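Whatever order the structure lists them in is the order used to number ligands and atoms, beginning at 1. It should be emphasised that the depicted structure is a prediction, and the values quoted were computed from it without experimental measurement.
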Amino acid sequence: MTIGLLKESAPENRVALMPESVATILKMNVQVIVESGAGANASAADDDYKKAGATIGTRQQALQADLVLGIRGIDDNDFNSLKSSAVLLGQFLPLFNAPKMKSVAAKNISLISLDSIPRTTRAQAMDVLSSQANLAGYKAVVLAATEYPRIFPMLMTAAGTITPAKVLILGAGVAGLQAIATAKRLGAVVEVFDTRPAVKEEVMSLGGKFIEVEGAADASKAGGYAVEQSEDFIKRQKEKIHEHASKADIIITTAQIPGRKAPILVERATIDAMKPGSVIIDLAASTGGNTDLTKDRETVMYNGIKIIGNSNLAGDTAIAASTLYGKNVINFLKLIVTKEGSLNLNFEDDLVKGSCITHGGNIVNEKVKELAN
Ligand code: NAD
């Protein structure tokens, strides 16, 4: 079997496999064709891939493989170059791209989207949402610290005392928890909101203060994810956020609901109450953002407050992100590549079933099928 590794298009810096991951995959009795330049933005040269044992080729050659690896979506021209019944493996956000999945299915492509893998213990080693969100949470805090015109830790000097930065984190999922840990390490005072009371203990164990709003909708049957909240809850939550945001120097927002627009948690009136020099980093920007003023992949200056909308901050740690993504891919390949190096999609396996979106000419994921029609 051949595996093709694609170069991502700008502004994506990551690559689905670093050379060391290619070396591991080659032990599975497969061949790897790397599109020339695939690792360039993650500091991996074609020569590094060659040394690892891969063949360097054109995009067309990589697209002709039995299994094609990428991260983001590929365009219509690329689809036309795939072999019929090829497997395409990446992070394609099918809940947000459901109509497109119809044409993918029509081409008889088996599309596997690693962001759809069930959030179970066994899946953790293949969970690209987690590996990338972890890095994004770290990078959000480091970026905020760079953009903030003061500093994070308290400083007591002969010239006077500087008080520690107040960081407010909205959403304590994987990214939010890493943001808490990073902000604490830098010496900030950290406050946290989440609708899931289950995260309170984790927040506190990292040194964050958990701000509770009573009456959140029960998310216990949503596989660990958040669910949409009632209007009354959202109103009370916004009031509480307003109170804490107006005293914060930094806000990091990460609140998302799978397959839905992100909730607006920080309204313009709240930003109006913030101090000039404050920084907001919105990791939910690509699904609409958690503030009224967020623009995806843009920095908005408003009354001296910087609002940075970026849902792909993991891409700014290209080597680390590509390394972890590649490890996730290797772990998943162990499920679908036989000892002899051929493909075997076993739909009895809940991880294969859960992440496979199109197969045999059909959309096989029920949620995506519903959204596509
Ligand atoms: P996510 O990116 O979907 O959302 C980020 C956070 O925002 C969540 O904690 C969510 O509760 C919160 N949020 C949503 N709406 C909100 C609102 N109105 N106000 C405040 N907060 C709000 O989350 P994620 O990082 O992907 O994690 C989701 C869940 O999956 C977590 O329970 C996590 O522990 C679990 N998880 C499990 C595994 C696994 O077992 N394989 C792996 C990763 C994550």
Main-chain N/O of Ala45 paired with Asp48 side-chain donor or acceptor, under 3.5 Å: yes
Quick check on contacts: which atoms of ligand 1 are under 4.0 angstrom from a heavy atom of Ala172? 9 (O)
So does Gln31 have more than 12 non-hydrogen atoms from other groups sitting under 6.0 Å from CD? no
Contact between ligand 1 and Gln256 is defined here as a heavy atom of the residue under 4.0 Å from a ligand atom; is it met? yes
Mark up the atoms of ligand 1 that fall under 4.0 Å of a heavy atom belonging to Ser130, in ascending order. 42 (C), 43 (C), 44 (C)
In this structure, NE2 of His242 is separated from CG of Leu265 (nearest 0.5 Å) by 14.5 Å
Is Leu265 touching ligand 1 with its side chain, its backbone, both, or neither, if touching means heavy atoms under 4.0 Å apart? side chain
Is Glu147 salt-bridged to Lys306, going by a charged N under 4.0 Å from an acidic O? yes
With backbone taken as N, CA, C and O and side chain as the heavy atoms from C-beta onward, which portion of Gln229 lies under 4.0 Å from ligand 1: side chain, backbone, both, or neither? neither
With the threshold set at under 4.0 angstrom, would you say Thr195 reaches ligand 1 through any of its heavy atoms? yes
Could you grab the distance from atom OG of Ser36 to atom OH of Tyr49, nearest 0.5 Å is fine? 11.0 Å
Short N/O distance, under 3.5 Å, between Ile257 and ligand 1? no
In Å, rounded to the nearest 0.5 Å, how long is the span from OG of Ser355 to CZ of Phe332? 3.5 Å
Check contact between Pro263 and ligand 1, using heavy atoms of the residue and a distance below 4.0 angstrom. yes
Does any N/O atom on Arg119 come nearer than 3.5 Å to any N/O atom on ligand 1? yes
List the atom of Arg122, the atom of Asp349, and the distance in Å for their closest heavy-atom pair. NH2-OD1, 2.6 Å
Closer than 4.0 angstrom: is that true for some heavy atom of Asp127 and an atom of ligand 1? yes
Looking only at non-hydrogen atoms, find the nearest pair between Ser311 and Leu283 and report the distance. OG-O, 2.7 Å
For ligand 1, which is the ligand I care about here, please tell me if Ala175 has any N or O atom under 3.5 Å from one of the ligand's N or O atoms. no
